[in-house]
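Reminder, nothing fancy here: chain letters follow the sequence lines and each chain counts from 1.
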2 protein chains.
Amino acid sequence: MNERPELTRNQTLVLSKLEGQEGPLSAYQLLDLLRDDGFRAPLQVYRALDKLMRAGLVHRLESLNAFVACSGHAHAHAGDVTAFAICDQCGQVIELSDRLVSERLDEWVSKTGFKPTGAVLEFRGACAACQARAA
Amino acid sequence: MNERPELTRNQTLVLSKLEGQEGPLSAYQLLDLLRDDGFRAPLQVYRALDKLMRAGLVHRLESLNAFVACSGHAHAHAGDVTAFAICDQCGQVIELSDRLVSERLDEWVSKTGFKPTGAVLEFRGACAACQARAA
DNA sequence: CGCAGTTGTGTTATTCTATTACGTATGCCA
DNA sequence: TGGCATACGTAATAGAATAACACAACTGCG
Ligand SMILES: [Zn+2]
Ligand SMILES: [Zn+2]
Ligand SMILES: [Zn+2]
Ligand SMILES: [Zn+2]
(Lines give C-alpha, C1' and ligand atoms only; values in the text may rest on other atoms or scores of the structure.)
(Ligands and ions follow the chains in the order given, each with its own letter.)
Protein backbone atom coordinates (compact mmCIF):
# COMPACT_ATOMS: atom_id res chain seq x y z
CA MET A 1 0.00 0.00 0.00
CA ASN A 2 2.38 2.60 1.21
CA GLU A 3 5.66 1.42 -0.23
CA ARG A 4 8.54 2.98 1.57
CA PRO A 5 9.94 5.51 -0.85
CA GLU A 6 13.62 6.09 -1.29
CA LEU A 7 14.77 8.19 1.58
CA THR A 8 17.60 10.65 1.35
CA ARG A 9 20.33 10.95 3.90
CA ASN A 10 18.63 13.73 5.84
CA GLN A 11 15.30 11.99 5.85
CA THR A 12 16.88 8.77 7.06
CA LEU A 13 18.68 10.57 9.85
CA VAL A 14 15.54 12.28 11.10
CA LEU A 15 13.52 9.10 10.94
CA SER A 16 16.14 7.09 12.80
CA LYS A 17 16.24 9.61 15.62
CA LEU A 18 12.48 9.43 15.94
CA GLU A 19 12.47 5.65 15.86
CA GLY A 20 15.12 5.45 18.54
CA GLN A 21 12.95 7.38 20.90
CA GLU A 22 10.15 6.39 23.25
CA GLY A 23 8.20 9.60 22.95
CA PRO A 24 7.81 12.45 20.53
CA LEU A 25 10.49 14.99 19.67
CA SER A 26 10.12 18.60 18.64
CA ALA A 27 11.73 19.83 15.46
CA TYR A 28 14.31 21.74 17.46
CA GLN A 29 15.12 18.77 19.64
CA LEU A 30 15.73 16.83 16.46
CA LEU A 31 17.92 19.60 15.19
CA ASP A 32 20.05 19.45 18.32
CA LEU A 33 20.30 15.67 18.09
CA LEU A 34 21.49 15.97 14.51
CA ARG A 35 24.11 18.68 14.89
CA ASP A 36 26.84 16.07 14.85
CA ASP A 37 25.48 14.80 11.56
CA GLY A 38 25.87 18.18 9.97
CA PHE A 39 22.46 19.68 10.56
CA ARG A 40 22.63 23.42 10.97
CA ALA A 41 19.19 24.91 10.37
CA PRO A 42 15.58 24.14 11.32
CA LEU A 43 14.62 23.90 7.70
CA GLN A 44 16.68 20.80 7.21
CA VAL A 45 14.57 19.12 9.86
CA TYR A 46 11.25 20.49 8.68
CA ARG A 47 11.87 19.46 5.11
CA ALA A 48 12.71 15.93 6.12
CA LEU A 49 9.70 15.77 8.42
CA ASP A 50 7.47 17.00 5.67
CA LYS A 51 8.50 14.21 3.38
CA LEU A 52 8.28 11.60 6.10
CA MET A 53 4.81 12.71 7.08
CA ARG A 54 3.59 12.58 3.52
CA ALA A 55 5.00 9.07 3.31
CA GLY A 56 3.08 8.15 6.45
CA LEU A 57 6.21 7.29 8.36
CA VAL A 58 5.93 10.10 10.87
CA HIS A 59 3.02 11.80 12.61
CA ARG A 60 2.73 15.28 13.96
CA LEU A 61 1.15 15.74 17.38
CA GLU A 62 -0.67 19.04 17.27
CA SER A 63 -1.15 19.35 20.97
CA LEU A 64 2.59 19.03 21.56
CA ASN A 65 4.11 20.65 18.50
CA ALA A 66 6.13 17.50 18.20
CA PHE A 67 6.67 14.52 15.97
CA VAL A 68 6.66 10.78 16.44
CA ALA A 69 7.57 7.81 14.28
CA CYS A 70 4.59 5.85 13.07
CA SER A 71 4.10 2.68 15.06
CA GLY A 72 1.26 1.27 12.99
CA HIS A 73 1.89 -2.40 12.34
CA ALA A 74 2.34 -3.06 8.63
CA HIS A 75 1.06 0.40 8.17
CA ALA A 76 -2.51 -0.25 9.04
CA HIS A 77 -4.09 3.16 8.70
CA ALA A 78 -5.07 3.42 5.10
CA GLY A 79 -7.93 5.84 5.08
CA ASP A 80 -8.80 5.33 8.72
CA VAL A 81 -8.26 8.09 11.15
CA THR A 82 -5.45 7.68 13.58
CA ALA A 83 -5.77 8.73 17.17
CA PHE A 84 -3.00 9.21 19.69
CA ALA A 85 -3.02 8.59 23.40
CA ILE A 86 -0.31 10.72 24.94
CA CYS A 87 0.83 9.96 28.46
CA ASP A 88 1.46 13.20 30.32
CA GLN A 89 3.66 11.39 32.83
CA CYS A 90 6.12 9.42 30.75
CA GLY A 91 5.54 10.99 27.35
CA GLN A 92 4.86 7.71 25.63
CA VAL A 93 2.47 7.77 22.71
CA ILE A 94 0.06 5.00 21.77
CA GLU A 95 -1.28 4.98 18.26
CA LEU A 96 -4.86 3.90 17.75
CA SER A 97 -6.61 3.14 14.51
CA ASP A 98 -9.95 1.50 14.02
CA ARG A 99 -12.18 1.25 11.01
CA LEU A 100 -15.40 1.18 13.00
CA VAL A 101 -14.53 4.16 15.16
CA SER A 102 -13.49 6.08 12.08
CA GLU A 103 -16.83 5.44 10.47
CA ARG A 104 -18.81 6.36 13.55
CA LEU A 105 -16.94 9.59 14.03
CA ASP A 106 -17.31 10.48 10.40
CA GLU A 107 -21.02 9.82 10.65
CA TRP A 108 -21.33 11.94 13.75
CA VAL A 109 -19.59 14.93 12.27
CA SER A 110 -21.30 14.57 8.92
CA LYS A 111 -24.69 14.91 10.57
CA THR A 112 -24.08 18.62 10.79
CA GLY A 113 -23.52 18.84 7.06
CA PHE A 114 -19.79 19.16 7.56
CA LYS A 115 -17.61 17.09 5.28
CA PRO A 116 -14.39 16.11 7.02
CA THR A 117 -11.20 15.57 5.07
CA GLY A 118 -8.94 15.06 8.03
CA ALA A 119 -8.94 14.86 11.78
CA VAL A 120 -6.75 15.54 14.77
CA LEU A 121 -7.53 13.12 17.58
CA GLU A 122 -5.28 13.32 20.59
CA PHE A 123 -6.05 12.02 24.05
CA ARG A 124 -4.09 13.17 27.03
CA GLY A 125 -3.86 11.24 30.24
CA ALA A 126 -1.94 8.43 31.88
CA CYS A 127 -0.79 5.20 30.29
CA ALA A 128 -1.30 1.85 31.98
CA ALA A 129 2.25 1.67 33.27
CA CYS A 130 2.12 5.12 34.85
CA GLN A 131 -1.19 4.40 36.50
CA ALA A 132 0.28 1.29 38.04
CA ARG A 133 3.32 3.23 39.16
CA ALA A 134 1.11 5.85 40.82
CA ALA A 135 -1.00 3.29 42.66
CA MET B 1 -22.92 24.64 36.56
CA ASN B 2 -20.28 26.91 35.25
CA GLU B 3 -21.41 30.27 36.59
CA ARG B 4 -19.81 33.08 34.70
CA PRO B 5 -17.17 34.46 37.00
CA GLU B 6 -16.49 38.15 37.33
CA LEU B 7 -14.45 39.17 34.37
CA THR B 8 -11.92 41.93 34.46
CA ARG B 9 -11.65 44.63 31.85
CA ASN B 10 -8.99 42.82 29.82
CA GLN B 11 -10.81 39.54 29.95
CA THR B 12 -14.04 41.19 28.84
CA LEU B 13 -12.31 42.88 25.94
CA VAL B 14 -10.72 39.68 24.69
CA LEU B 15 -13.95 37.74 25.01
CA SER B 16 -15.96 40.35 23.18
CA LYS B 17 -13.56 40.36 20.26
CA LEU B 18 -13.83 36.59 20.01
CA GLU B 19 -17.60 36.68 20.25
CA GLY B 20 -17.83 39.28 17.53
CA GLN B 21 -16.05 37.03 15.13
CA GLU B 22 -17.19 34.20 12.89
CA GLY B 23 -14.01 32.19 13.10
CA PRO B 24 -11.09 31.78 15.42
CA LEU B 25 -8.45 34.40 16.13
CA SER B 26 -4.81 33.98 17.03
CA ALA B 27 -3.43 35.62 20.13
CA TYR B 28 -1.54 38.13 18.02
CA GLN B 29 -4.57 38.96 15.93
CA LEU B 30 -6.39 39.67 19.16
CA LEU B 31 -3.52 41.83 20.27
CA ASP B 32 -3.76 43.90 17.12
CA LEU B 33 -7.51 44.24 17.48
CA LEU B 34 -7.06 45.49 21.01
CA ARG B 35 -4.31 48.06 20.50
CA ASP B 36 -6.86 50.83 20.59
CA ASP B 37 -8.03 49.56 23.95
CA GLY B 38 -4.57 49.91 25.39
CA PHE B 39 -3.17 46.45 24.81
CA ARG B 40 0.57 46.54 24.24
CA ALA B 41 1.98 43.09 24.87
CA PRO B 42 1.10 39.47 24.01
CA LEU B 43 0.98 38.56 27.66
CA GLN B 44 -2.06 40.69 28.22
CA VAL B 45 -3.87 38.57 25.67
CA TYR B 46 -2.51 35.25 26.86
CA ARG B 47 -3.39 35.96 30.45
CA ALA B 48 -6.94 36.84 29.57
CA LEU B 49 -7.26 33.80 27.33
CA ASP B 50 -5.96 31.59 30.07
CA LYS B 51 -8.63 32.73 32.46
CA LEU B 52 -11.37 32.54 29.85
CA MET B 53 -10.38 29.01 28.90
CA ARG B 54 -10.40 27.87 32.48
CA ALA B 55 -13.87 29.35 32.81
CA GLY B 56 -14.94 27.40 29.73
CA LEU B 57 -15.83 30.53 27.79
CA VAL B 58 -13.12 30.12 25.19
CA HIS B 59 -11.57 27.15 23.46
CA ARG B 60 -8.16 26.73 21.98
CA LEU B 61 -7.87 25.08 18.59
CA GLU B 62 -4.62 23.18 18.63
CA SER B 63 -4.44 22.60 14.92
CA LEU B 64 -4.68 26.34 14.26
CA ASN B 65 -2.91 27.88 17.24
CA ALA B 66 -6.00 30.01 17.60
CA PHE B 67 -8.89 30.66 19.93
CA VAL B 68 -12.63 30.75 19.58
CA ALA B 69 -15.50 31.76 21.84
CA CYS B 70 -17.50 28.87 23.18
CA SER B 71 -20.74 28.42 21.32
CA GLY B 72 -22.14 25.67 23.51
CA HIS B 73 -25.80 26.38 24.24
CA ALA B 74 -26.34 27.00 27.93
CA HIS B 75 -22.89 25.63 28.35
CA ALA B 76 -23.66 22.06 27.55
CA HIS B 77 -20.30 20.38 27.82
CA ALA B 78 -19.98 19.44 31.42
CA GLY B 79 -17.66 16.51 31.40
CA ASP B 80 -18.32 15.60 27.79
CA VAL B 81 -15.62 15.98 25.25
CA THR B 82 -16.00 18.79 22.79
CA ALA B 83 -15.06 18.36 19.17
CA PHE B 84 -14.59 21.07 16.60
CA ALA B 85 -15.32 20.99 12.89
CA ILE B 86 -13.16 23.60 11.24
CA CYS B 87 -13.99 24.70 7.72
CA ASP B 88 -10.80 25.20 5.75
CA GLN B 89 -12.60 27.39 3.25
CA CYS B 90 -14.44 29.95 5.33
CA GLY B 91 -12.80 29.39 8.69
CA GLN B 92 -16.05 28.85 10.53
CA VAL B 93 -15.97 26.52 13.50
CA ILE B 94 -18.76 24.20 14.57
CA GLU B 95 -18.71 22.94 18.12
CA LEU B 96 -19.88 19.41 18.74
CA SER B 97 -20.62 17.73 22.02
CA ASP B 98 -22.35 14.46 22.63
CA ARG B 99 -22.58 12.29 25.67
CA LEU B 100 -22.79 9.03 23.78
CA VAL B 101 -19.85 9.77 21.52
CA SER B 102 -17.83 10.81 24.53
CA GLU B 103 -18.52 7.53 26.24
CA ARG B 104 -17.72 5.47 23.18
CA LEU B 105 -14.46 7.24 22.59
CA ASP B 106 -13.50 6.92 26.21
CA GLU B 107 -14.27 3.24 26.07
CA TRP B 108 -12.24 2.81 22.90
CA VAL B 109 -9.16 4.51 24.28
CA SER B 110 -9.47 2.87 27.69
CA LYS B 111 -9.27 -0.56 26.12
CA THR B 112 -5.54 -0.04 25.81
CA GLY B 113 -5.24 0.62 29.52
CA PHE B 114 -4.83 4.32 28.91
CA LYS B 115 -6.79 6.62 31.16
CA PRO B 116 -7.71 9.82 29.35
CA THR B 117 -8.14 13.08 31.22
CA GLY B 118 -8.64 15.28 28.21
CA ALA B 119 -8.92 15.18 24.46
CA VAL B 120 -8.24 17.27 21.41
CA LEU B 121 -10.74 16.47 18.68
CA GLU B 122 -10.56 18.64 15.62
CA PHE B 123 -12.00 17.83 12.22
CA ARG B 124 -10.87 19.70 9.15
CA GLY B 125 -12.90 19.92 6.00
CA ALA B 126 -15.70 21.89 4.42
CA CYS B 127 -18.84 23.18 6.07
CA ALA B 128 -22.26 22.70 4.49
CA ALA B 129 -22.36 26.24 3.11
CA CYS B 130 -18.97 25.98 1.46
CA GLN B 131 -19.84 22.63 -0.11
CA ALA B 132 -22.96 24.16 -1.61
CA ARG B 133 -20.97 27.11 -2.85
CA ALA B 134 -18.45 24.80 -4.53
CA ALA B 135 -21.11 22.72 -6.26
C1' DC C 1 24.42 15.58 -26.46
C1' DG C 2 21.81 19.83 -24.56
C1' DC C 3 18.21 21.36 -21.77
C1' DA C 4 14.07 21.85 -18.96
C1' DG C 5 11.73 20.05 -14.84
C1' DT C 6 11.82 18.11 -10.44
C1' DT C 7 13.65 17.17 -5.98
C1' DG C 8 16.77 17.78 -2.43
C1' DT C 9 20.15 20.83 -0.08
C1' DG C 10 22.46 24.68 2.63
C1' DT C 11 22.19 29.29 4.53
C1' DT C 12 20.28 33.52 6.17
C1' DA C 13 16.73 36.11 7.72
C1' DT C 14 12.18 36.72 9.28
C1' DT C 15 7.64 35.74 11.08
C1' DC C 16 4.63 33.81 14.28
C1' DT C 17 3.60 31.77 18.86
C1' DA C 18 4.28 31.55 23.78
C1' DT C 19 6.66 32.13 28.21
C1' DT C 20 9.98 34.06 31.86
C1' DA C 21 11.17 37.63 34.79
C1' DC C 22 10.42 41.67 37.37
C1' DG C 23 7.84 45.30 39.38
C1' DT C 24 3.43 47.25 40.67
C1' DA C 25 -1.44 47.67 42.19
C1' DT C 26 -5.61 46.08 44.34
C1' DG C 27 -8.82 43.64 47.20
C1' DC C 28 -9.57 40.31 50.95
C1' DC C 29 -9.17 38.70 55.28
C1' DA C 30 -6.67 37.06 59.65
C1' DT D 1 -1.54 46.27 59.87
C1' DG D 2 0.47 42.52 57.35
C1' DG D 3 0.16 38.52 54.41
C1' DC D 4 -1.92 36.49 50.43
C1' DA D 5 -4.10 35.99 46.05
C1' DT D 6 -5.16 37.98 41.71
C1' DA D 7 -4.51 41.03 38.09
C1' DC D 8 -1.76 44.29 35.47
C1' DG D 9 2.20 46.51 32.52
C1' DT D 10 6.58 46.07 30.29
C1' DA D 11 10.71 44.14 28.49
C1' DA D 12 13.22 40.33 27.16
C1' DT D 13 13.56 35.79 25.66
C1' DA D 14 12.44 31.20 24.07
C1' DG D 15 10.29 28.10 20.82
C1' DA D 16 8.08 26.87 16.34
C1' DA D 17 7.70 27.51 11.47
C1' DT D 18 8.36 29.70 7.01
C1' DA D 19 10.26 32.82 3.13
C1' DA D 20 13.80 33.81 -0.05
C1' DC D 21 17.81 32.75 -2.62
C1' DA D 22 21.34 29.85 -4.62
C1' DC D 23 23.19 25.50 -5.92
C1' DA D 24 23.60 20.34 -6.86
C1' DA D 25 21.82 15.97 -8.65
C1' DC D 26 18.75 13.38 -11.29
C1' DT D 27 15.19 12.44 -14.84
C1' DG D 28 13.16 12.46 -19.22
C1' DC D 29 13.21 14.05 -23.76
C1' DG D 30 14.11 16.28 -28.38
ZN1 LIG E 1 0.92 5.65 12.07
ZN1 LIG F 1 3.09 6.84 31.03
ZN1 LIG G 1 -17.75 25.25 24.25
ZN1 LIG H 1 -17.14 26.97 5.19
J.: Need to verify one output field. Residue with the more 5' nearest nucleotide on DNA chain C, B:F67 or A:L43?
T.: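 Comparing both residues, the 5'-ward one is A:L43.
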
J.: Does this structure show an ion pair linking A:E122 with A:R124, if we count only N-O contacts that are shorter than 4.0 Å?
T.: no

J.: Is the distance from OP1 or OP2 of C:dT9 to the nearest side-chain N or O of A:Q44 less than 4.0 Å?
T.: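 So the side-chain polar atoms of A:Q44 never come under 4.0 Å of the phosphate oxygens OP1 or OP2 of C:dT9.
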
J.: Indicate, with yes or no, if the rings of A:H59 and A:F67 have centres closer together than 6.0 Å.
T.: no

J.: Take atom CZ of A:R54 and atom C1' of C:dT7, then tell me their distance rounded to the nearest Å.
T.: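 Spelled out: CZ on A:R54 to C1' on C:dT7 is 11 Å.
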
J.: Would you say A:N65 places a side-chain N or O within less than 4.0 Å of OP1 or OP2 belonging to C:dA18?
T.: no

J.: For A:Y46 and D:dT18, is the gap between ring centres under 5.5 Å while the planes differ by less than 30°?
T.: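 Base of D:dT18: not stacked against A:Y46.
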
J.: Distance check, rounded to the nearest 0.5 Å: B:D80 atom CG versus B:L105 atom CG?
T.: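 Between atom CG of B:D80 and atom CG of B:L105 there are 11.0 Å.
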
J.: D:dA16 P sits how many Å from A:L61 CG, rounded?
T.: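 Checked: the CG to P distance equals 13 Å.
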
J.: So which nucleotide from C:dA18, C:dG8, D:dT18 ends up closest to the side chain of A:K51?
T.: C:dG8

J.: Under 3.5 Å, is there an N or O donor on one side and an acceptor on the other linking the side chain of B:Y28 and the base of C:dA18?
T.: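 When only heavy-atom distances are counted, B:Y28 does reach the base of C:dA18 through a donor-acceptor pair under 3.5 Å.
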
J.: Nearest-Å distance, CD (B:E6) to P (C:dC28)?
T.: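 Distance check: B:E6 CD to C:dC28 P gives 11 Å.
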
J.: In this structure, how many angstroms lie between the P atom of D:dA14 and the CG atom of A:D32, rounded?
T.: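 The distance from CG of A:D32 to P of D:dA14 comes to 13 Å, rounded to the nearest Å.
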
J.: Just to confirm, is there a sub-4.0 Å distance from OP1 or OP2 of D:dG15 to any side-chain nitrogen or oxygen of A:S26?
T.: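 No.
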
J.: Would one find a side-chain N or O of A:R60 under 4.0 angstrom from OP1 or OP2 of D:dA17?
T.: yes

J.: Could you tell me the separation between the CD atom of A:Q29 and the C1' atom of D:dG15, rounded to a whole number of Å?
T.: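 It is 11 Å, rounded to the nearest whole Å.
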
J.: Without swapping roles, check the side chain of A:S26 against the backbone of A:A66 for a donor-acceptor pair under 3.5 Å.
T.: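 Checked: no pair found.
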
J.: Identify whether any heavy atom of B:R47 sits under 4.0 Å from a base atom; if not, whether one sits that close to sugar-phosphate; answer base, sugar-phosphate or nothing.
T.: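 The answer is base, as B:R47 lies within the cut-off (heavy atoms under 4.0 Å) of a base atom.
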
J.: Any side-chain donor-acceptor pair under 3.5 Å between B:E95 and B:S71?
T.: yes

J.: Does a side-chain N or O of A:T8 approach OP1 or OP2 of C:dT9 to a distance below 4.0 Å, or not?
T.: yes

J.: Starting at CG of B:N10 and ending at P of D:dT6, how long is that distance when rounded to a whole Å?
T.: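 To the nearest whole Å, that distance equals 17 Å.
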
J.: Rounded to the Å, how far apart are A:F39 CZ and C:dG8 C1'?
T.: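 Checked: the CZ to C1' distance equals 12 Å.
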
J.: Of the nucleotides D:dA17, C:dA18, D:dC8, which has the atom closest to the B:Q11 side chain?
T.: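 Taking heavy atoms from C-beta onward, the closest nucleotide is D:dC8.
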
J.: Between A:L64 (CG) and C:dA18 (P), how many Å, whole number?
T.: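 Result: 14 Å.
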
